Number of protein chains: 2
Amino acid sequence: MKNYSRQREAILEVLRSTDTHPTASWIYERVREKIPNISLGTVYRNLTVLSENGDILTINVGDGQERYDGNTAAHLHLRCTGCGEIYDAFLKSDPFRDLISEEGFIPEAAVYVVRGICKNCK
Amino acid sequence: MKNYSRQREAILEVLRSTDTHPTASWIYERVREKIPNISLGTVYRNLTVLSENGDILTINVGDGQERYDGNTAAHLHLRCTGCGEIYDAFLKSDPFRDLISEEGFIPEAAVYVVRGICKNCK
DNA sequence: AATAAAATTAGTAATCATTACTGATTTGAG
DNA sequence: CTCAAATCAGTAATGATTACTAATTTTATT
């Protein structure tokens with residue numbers, strides 16, 4: 001296991017302590033409670049590194065900014081176009097695994113996003 | 001069927017005549033061959049409208065710009081981190097349909113992106 | 001056909017999330 | 001301890017996308 005910097009560990013901890021899908025700015029504000037002078041650029045850089053390392057997921061739901069997810073297990077993101085909420089829907093197994101391997105493709109990270117209307121908004 | 005403007009029809013036609021996943025700029029250049037003075041803003045606006053209407057898909061594979069897909073059938077997008085190519089993998093049926101309906105969610109569009117290494121790059 | 005209202009456009013300016021850059025600081029290996 | 005590599009805070013720059021405006025086109029109504 002690699003040794004991450006204090007800043008990187010703090011970012012990862014914030015992300016793992018929520019089940020929402022926060023933006024870089026939201027994470028930045030939270031980490032500042034622990035490391036007040038951390039730079040926003042540091043947050044962005046580490047989110048990129050963490051995502052490339054497979055520690056987190058980078059999710060784009062089409063609302064103008066990237067979101068990040070501390071849960072890297074394959075799951076659906078259901079974004080309601082009414083309220084903007086993002087719901088998780090977990091899978092017992094990744095139904096695409098066989099299809100992906102048929103293509104000779106070695107997967108690193110999977111992001112599934114479904115746009116629609118949630119039960120509260122219909 | 002709705003009557004779309006000449007510009008909107010041309011954008012849709014360009015998008016349906018390729019099996020790649022072009023960016024707005026690429027589409028803009030292609031449409032300019034037919035409508036030389038079309039504005040880039042018009043391309044963006046109509047891509048948004050077409051996506052909201054369900055005529056096309058907006059896909060973010062994490063390379064810094066949105067991409068668009070004229071094929072709205074549920075399918076995987078396999079993006080190789082080696083060469084950047086985006087491969088399609090088609091499904092016989094959407095394996096998430098039951099799960100989505102269990103959540104009481106009414107889906108409008110589904111975008112599935114898998115990052116990894118393609119067989120040519122490994 | 002004439003008229004008014006609504007939708008769409010071309011062109012340009014503005015936005016803002018993200019990235020790039022800088023010199024300083026920290027970390028780890030030998 | 002020493003050097004090189006990694007990372008940092010702070011700030012400036014980037015560039016894809018959106019917003020704006022006045023003009024044009026389309027649609028509906030009489």
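None of these values were measured; they are calculated from a predicted model. Side chains are part of it too, since the values below use all heavy atoms of this structure and drop only hydrogens, waters and symmetry mates. Note on naming: letters A, B, ... go to the chains in the order of the sequence lines (proteins, then strands), and numbering restarts at 1 for each one.
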> Quick one: Asp63(A) CG to dT18(D) P, roughly how many Å, whole number?
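After rounding, the reported distance stands at 11 Å.
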
> Return no unless some side-chain N or O of Thr23(B) is found under 4.0 Å from OP1 or OP2 of dA16(D).
no

> Choosing from dA10(C), dT18(C), dG10(D), which nucleotide comes nearest the side chain of Ile35(B)?
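So the side chain of Ile35(B) is nearest to dA10(C).
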
> Within the structure, does a side-chain N or O atom of Arg45(A) lie under 4.0 Å from either OP1 or OP2 of dT7(D)?
no

> Nearest heavy atom decides the nucleotide; on that basis, is Thr48(A) or Gly41(B) closer to the 5' end of DNA chain C?
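Per heavy-atom nearest nucleotide, the more 5' residue is Gly41(B).
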
> dA10(C) phosphate, OP1 or OP2: any side-chain N/O from Thr42(B) under 4.0 angstrom?
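Indeed, a polar side-chain atom of Thr42(B) lies that close.
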
> Check the distance between dG28(C)'s C1' and Tyr4(A)'s OH and give it to me in whole angstrom.
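Atom OH in Tyr4(A) sits about 17 Å away from atom C1' in dG28(C).
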
> I need the OH-P distance between Tyr44(A) and dA12(D), as an integer number of Å.
18 Å

> If the plane angle is over 60° it's perpendicular, under 30° parallel, otherwise tilted; pick one for Phe90(B) and His75(B).
parallel

> Tell me whether the side-chain N/O atoms of Asn37(A) come closer than 4.0 Å to OP1 or OP2 in dC8(D).
no

> Atom OH of Tyr28(B) and atom P of dA16(D): how far apart are they, to the nearest Å?
13 Å

> Report yes if at least one side-chain N or O of Gln7(B) is closer than 4.0 Å to OP1 or OP2 of dT25(D); otherwise report no.
no

> List the steps and the verdict of side chain to side chain contact (heavy atoms under 4.5 Å, CB included) for Val61(B) and Arg67(B).
CA-CA 8 Å; Val61(B) 297; Arg67(B) 294 176 174 276; 4.0 Å; yes

> Give, for atom CD1 of Ile11(B) and atom CZ of Arg45(B), the distance between the pair rounded to the nearest 0.5 Å.
8.0 Å

> Which of the following nucleotides, dT18(C), dT17(D), dT9(C), is nearest to the side chain of Asn46(B)?
dT9(C)

> Report the nucleotide, chosen from dT8(C), dA10(C), dT17(D), that has the shortest atom-to-atom distance to any side-chain atom of Arg8(B).
dT8(C)

> Do the side-chain N or O atoms of Ser5(B) get closer than 4.0 angstrom to the phosphate oxygens (OP1, OP2) of dA7(C)?
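Looking at the OP1 and OP2 atoms of dA7(C), neither is under 4.0 Å from any side-chain N or O of Ser5(B).
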
> Would you mind reading off the distance between Ile11(A) atom CD1 and dT7(D) atom P, rounded to a whole angstrom?
12 Å

> Take atom CG of Leu40(A) and atom P of dA13(D), then tell me their distance rounded to the nearest Å.
17 Å

> Atom CZ of Arg67(A) to atom P of dT18(C): distance rounded to whole Å?
10 Å

> Over how many whole Å does the gap from Gln65(A) atom CD to dT15(C) atom P extend?
17 Å

> Measuring only between side-chain heavy atoms, which start at C-beta, is Tyr4(A) closer than 4.5 Å to Leu50(A)?
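When only atoms from C-beta onward are counted, Leu50(A) and Tyr4(A) do touch, with a gap below 4.5 Å.
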
> Which nucleotide sits closest to the side chain of Ile38(B): dG10(D), dT17(D), dA10(C)?
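Within the option list, the nearest is dA10(C).
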
> Is any side-chain N of the basic residue among Arg6(B) and Glu9(B) closer than 4.0 Å to the acidic one's carboxylate O?
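No, no charged N to carboxylate O under 4.0 Å.
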
